[in-house]
Amino acid sequence: MKRLSTEQLLGLDKFVVDDEEAHIEVDRQLCRDCSEKPCCVACPAGLYTVKDAEISFDYAGCLECGTCRVVCPQSGSAIRWRYPRGGFGVQYRYG
Ligand code: SF4
Ligand code: SF4
């Protein structure tokens, strides 16, 4: 059986993006004081990045795993995390 790369596996998933309501919101002001920024290495979808010394996040493509909420030292305040509204979010497919 052929092994798929992480990118190929992620490409199998389908995302219904809720353009009106983000299910995860990040407080970039609080993120400035976060020296380690563990979300950037822990998110399996690579949705957290640093651009121009500021955290950048896009909820489209979120796998709803909750890892960012767990690793964030200020998860109670820097990240507002909820599941997407009904009908939105990731739909897993297995190749
Ligand atoms: S780990 Fe939390 S506080 Fe730190 S950069 Fe990521 S979201 Fe912001
Ligand atoms: S819930 Fe998982 S996939 Fe979604 S942003 Fe957080 S770490 Fe990334």
Side-chain angles (χ1 to χ4, degrees):
M1 179 190 280
K2 184 184 170 207
R3 289 182 67 91
L4 300 179
S5 67
T6 302
E7 288 72 23
Q8 289 172 319
L9 287 168
L10 287 172
L12 294 173
D13 298 327
K14 182 181 175 195
F15 300 92
V16 182
V17 179
D18 187 346
D19 292 324
E20 295 180 5
E21 192 173 308
H23 69 287
I24 300 175
E25 290 177 324
V26 177
D27 186 332
R28 290 174 175 79
Q29 192 78 32
L30 290 175
C31 293
R32 285 187 191 136
D33 297 329
C34 178
S35 56
E36 302 290 332
K37 295 183 174 37
C39 55
C40 294
V41 293
C43 174
L47 301 179
Y48 291 85
T49 54
V50 176
K51 286 183 188 157
D52 300 326
E54 292 266 327
I55 200 78
S56 174
F57 173 72
D58 183 0
Y59 63 93
C62 175
L63 302 170
E64 301 167 31
C65 64
T67 304
C68 54
R69 183 168 60 168
V70 173
V71 301
C72 177
Q74 302 188 72
S75 61
S77 47
I79 296 178
R80 187 184 61 80
W81 200 104
R82 295 174 299 180
Y83 282 110
R85 294 189 294 169
F88 295 101
V90 65
Q91 295 174 8
Y92 285 103
R93 297 173 177 174
Y94 300 96

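Every value quoted in this text rests on a predicted model; they were computed, and no experiment measured them. Position 1 is the first residue of the sequence, and the numbers go up from there.
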Answer with yes or no whether the hydrophobic clustering places [X] together with [Y]; edges join I, L, V, M, F, W, Y residues whose side-chain heavy atoms lie under 4.5 Å apart.
| X | Y | answer |
| --- | --- | --- |
| I79 | L30 | no |
| Y83 | L47 | yes |
| V50 | Y48 | yes |
| V71 | I24 | no |
| F88 | V90 | no |

Beyond-backbone contact of [X] with [Y], side-chain heavy atoms, under 4.5 angstrom:
| X | Y | answer |
| --- | --- | --- |
| C39 | I55 | yes |
| Y59 | V17 | yes |
| P38 | C72 | no |

Where the side chain of [X] meets the backbone of [Y], is there a donor-acceptor pair that is under 3.5 Å apart?
| X | Y | value |
| --- | --- | --- |
| Y92 | K14 | no |
| K37 | C31 | yes |
| Q91 | F15 | no |

Output yes when D18 and R85 qualify as a salt bridge under the 4.0 Å nitrogen-oxygen rule, no when they do not.
->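 Judged by the 4.0 Å cut-off on N to carboxylate O distance, D18 and R85 do form a salt bridge.
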
E54 and R28 ion-paired at < 4.0 Å |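 Judged by the 4.0 Å cut-off on N to carboxylate O distance, E54 and R28 do not form a salt bridge.
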
Heavy-atom pair of closest approach, residues [X] and [Y]:
| X | Y | answer |
| --- | --- | --- |
| S5 | Q8 | N-OE1, 2.8 Å |
| E64 | P84 | OE2-CG, 3.3 Å |
| P44 | L63 | CG-CD1, 3.9 Å |

Euclidean distance, C62 SG relative to W81 CH2, rounded to 0.5 Å =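 SG of C62 is found 6.5 Å from CH2 of W81.
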
